[in-house]
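Only one structure is covered here, and it is reproduced in the block below.
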Amino acid sequence: MHKKNLLSDLFSDFSPASTEQWENQISKDLKGGDYAKRLISKTIEGIDIKPYYRKEDIENSILTNFLPGEFPFIRGNKTTDNSWDIRQNIEVSDIAEANKKANNIANKGINSFGFICTNDVYILKNNFSKLLAGIKLDCISLNFIVNNFSTNILSLLKEEIDEQGISPNKIRGSINFDPIGYFSLNGNYCCKSEEISLQNSKNLIEFAKENLPNFQVLAVDGKNFHNAGSSIVQELAFSLSAGNEYLANLTDLGLSIDDISSHMQFNFAVGSNYFMEIAKIRAARLLWSKIVDSYKPTDKNSCLMKIHSETSKWNQTIYDPYVNLLRTTTEALSAIIGGTDSLTVLPFDSAFKTTDEFSERIARNQQNLLKEEAYIDKIIDPSAGSYYVENLTNSIANEAWKIFVEIENLGGYLLAFKEGIVQNKIVEIAEIRDNNIAKRKEILLGTNQFPNSTESINDKINPEIATSKFVDTQNVIAQPLNLYRGAEEFEKLRLQTENFKGKIPEVFLFTYGNLAMSRARAQFVSNFFACAGYKIIDNLGFETAEKGIETAIESNAEIVVACSSDDEYSETVIEIFNRLKNKTLFAVAGFPKASVQKFQENGVENFIHVKSNVLETLRMFHKKLGIS
């Protein structure tokens, strides 16, 4: 009671501030500045982000009126805790090795296996039994990442549990059979035709209904859209559209909506936009329940969306790869707080080499720490009630629904994809994101910002893994999606520098004059050229231009960059340029508006500043230096 009175007394000292009071104070602080321009940001999805949110921002929202486990499942599928399956993928190229690995990691916090089946040796009864030997099949989630031979795997799994006397109701997991996803990635069908693909999907669902009731056998790989550079809203909208394509076609083939939906799983990627990714997963459940409900299921639980999440491939980097640990940790946290049912954290080195025991152990333990140390599995829908997250959820749902309706009005996902509409929308956003990375509006730490210029990685990477491979489009029905990583173009420059047979370019920082400006610009230029792996020759500052010119010439640097204030440039740049132009490439740090025209008229071409396209500028220097 005493504590309650203390709290009451404390809050009584502060009068509540209304939104009007907040807005008046903001207007006063802005001193006539444009509120929208200064304080409201816009995401790449076109969503406005306000500088602050208050209770009234969610008062009229119906999204806060539901409980966890309750239709429309915006607050998650769980009713007792926020537990999720911790999955580790295992490459199945050698049966014995894959089995040994599975049994080894089963006691290290993993409760879900993702067997990536790279060939068909596992579909033989003897080999399949060897693959699962020693694994407690009723205690772990079994997932098979494969498009072909899905029917064989299900049959073998059923045979295996019958031999072991395990109840089918205790077996859970998934088959990643997604013919629409395959079509999106390859431009052709995995089963010869659309009709055969859909018939196979129907057969799998019917088999699962009778023999493996808790197994998801039809997937929607929404992560492909993300890893092609889409926005969060696009990933969600196109995933829902692909999912609805299955619902529409399979109900036409005679399956009930309850049977179809209960055996489907959505696979989403999770990017680094922390709160947006939380909201995406919540919005996904909301919209999917709305779609399934329109088919009139007999059980509202059929509207529940089963979600597997995987950390982003798109934003992983091969330089400064330990930064990937930071990325995947926040991505994992977004997925878990959003209420994902299972999660794969990609090892930090998976972007450029075959993962090893060390990187896989860290990836496992990232999830184990979030569960066992941070207790993220204890609270259902921990973001519920957040004014910001609730608004993001609503905004993402609204924007994704607009795209979904547009695609449906065009005849559905497959028709829209065949017409190139889906791909064009993604490419449009991907180009914006690529441009933002090139101009450092979107940061990939260690790659386009604050790189370690002394790092060498060429001997550590597998080019077959590190470089994206685009599908041959000569004999396709539709243009396939191109999966790539956002860092690849910057990495290509760095690798070209590493492989250059001549001298690694050196950048001489010609610092002089105003100490604060010269140091700030020197640091900017150092960071700029380090993105291409150039060596930096820094200086403490030259008392005279003459001394700086002499030192620059003695250095034999391929590039000299003047670093000073705009006022001092007006008096010295032309003199420095004339002395150095036949000996080195010359650039000015900054963009001195008052002097630019004069400098250009005297032959100065290169200006390194915050609005520069870093990628294009570095490509230009590469070309001038003969690096390719």
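- For the residue pair Ser83 / Asp377, no side-chain donor-acceptor distance below 3.5 Å is found, with atom types taken as modelled.
- Smallest separation of non-hydrogen atoms from Cys531 and Arg440: SG-NH1, 4.0 Å.
- Using bins of under 30°, 30° to 60° and over 60° for the plane-to-plane angle, the ring pair Tyr534/His622 lands in the parallel bin.
- Using bins of under 30°, 30° to 60° and over 60° for the plane-to-plane angle, the ring pair Phe113/Phe115 lands in the tilted bin.
- Just one of Trp314, Phe238, Phe268, Phe266 meets the ring pair (Phe, Tyr, Trp, His ring centres under 6.0 Å) condition when paired with Phe225; it is Phe238.
- Glu331 places a side-chain heavy atom less than 4.5 Å from the side chain of Ser272.
- Between Thr329 and Gln366, the side chains place a donor N or O and an acceptor N or O closer than 3.5 Å (distance only, hydrogens not considered).
- No more than 12 heavy atoms of other residues, nucleotides or ligands sit less than 6.0 Å from atom NZ of Lys623.
- For Lys280 and Glu277, the salt-bridge test passes: some basic side-chain N is under 4.0 Å from an acidic carboxylate O.
- Atom CZ of Arg361 has 12 or fewer neighbouring heavy atoms from other residues, nucleotides or ligands inside a 6.0 Å radius.
- For residues 336-349, the pairs satisfying side chain to side chain donor-acceptor pair (under 3.5 Å) are Asn77-Asp341, His308-Ser342, His308-Thr344, Ser309-Thr340, Asp349-Lys353, Asp349-Ser359, with sequence neighbours left out.
- When the shell of 6.0 Å around OH of Tyr322 is examined, it contains 12 or fewer heavy atoms from other residues, nucleotides or ligands.
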Apply salt bridge (Lys or Arg N to Asp or Glu O under 4.0 Å) to Glu310 and Arg87, showing your working. CA-CA 9 Å; Glu310 180 179 284; Arg87 183 193 293 187; over 6 Å; no
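- Separating the CZ atom in Phe348 from the CG atom in Leu326 is a distance of 12.0 Å, to the nearest 0.5 Å.
- The existence of a salt bridge linking Glu428 and Lys425 is excluded, since no basic side-chain nitrogen approaches an acidic carboxylate oxygen closer than 4.0 Å.
- Few gaps surround NZ on Lys469; more than 12 heavy atoms of other groups in view lie less than 6.0 Å from it.
- When side chains are defined from C-beta on, Leu495 counts as touching Ile318, because their heavy atoms get closer than 4.5 Å.
- The shortest non-hydrogen separation linking Asp320 to Gly446 is OD2-CA, 3.8 Å.
- Not counting sequence neighbours, Trp84 has no partner by the ring-ring contact (aromatic ring centres under 6.0 Å, His included) test.
- With sequence neighbours excluded, the residues satisfying side chain to side chain donor-acceptor pair (under 3.5 Å) with Thr393 are Arg282.
- Other residues, nucleotides and ligands contribute only 12 or fewer heavy atoms inside 6.0 Å of the OH atom of Tyr375.
- For the pair Lys42 (side chain) and Ile40 (backbone), a donor-acceptor distance under 3.5 Å is absent.
- Side-chain contact check for Asn324 and Arg327: at least one donor-acceptor pair (N or O, by modelled atom type) lies under 3.5 Å.
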For Thr64 and Glu390, run side-chain hydrogen bond (donor to acceptor under 3.5 Å, both in side chains): C-alpha distance rounded to whole Å, both residues' side-chain angles, the deciding distance at 0.1 Å, then the answer. CA-CA 8 Å; Thr64 58; Glu390 296 288 6; over 6 Å; no
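- Heavy-atom contacts from other residues, nucleotides or ligands closer than 6.0 Å to NZ of Lys101 number more than 12.
- In this structure the side chain of Leu185 never reaches within 4.5 angstrom of the side chain of Asp221, judged on heavy atoms.
- Look at Arg519 and Asp538 and you find a salt bridge, because one of the NZ, NE, NH1 or NH2 atoms lies within 4.0 Å of a carboxylate O, short of that distance.
- Contact check for Ile116 versus Glu91: side-chain heavy atoms found under the 4.5 Å cut-off.
- Residues Asn368 and Asn365 have side chains in contact (heavy-atom distance under 4.5 Å, counting atoms from C-beta outward).
- Shown here is Lys313, whose NZ atom has no more than 12 heavy atoms of other residues, nucleotides or ligands within 6.0 Å.
- Side-chain contact check for Ile504 versus Thr497: some heavy-atom pair is nearer than 4.5 Å.
- Side-chain contact annotation: Thr354 with Asn462, donor-acceptor N/O pair under 3.5 Å absent.
- The shortest distance between side-chain heavy atoms of Pro451 and Asn527 falls below 4.5 Å.
- In terms of modelled atom types and a separation under 3.5 Å, the side chain of Asn186 and the main chain of Tyr182 share a donor-acceptor contact.
- Residues Ser312 and His226 form a side-chain contact, since some pair of their non-hydrogen atoms from C-beta on lies under 4.5 Å apart.
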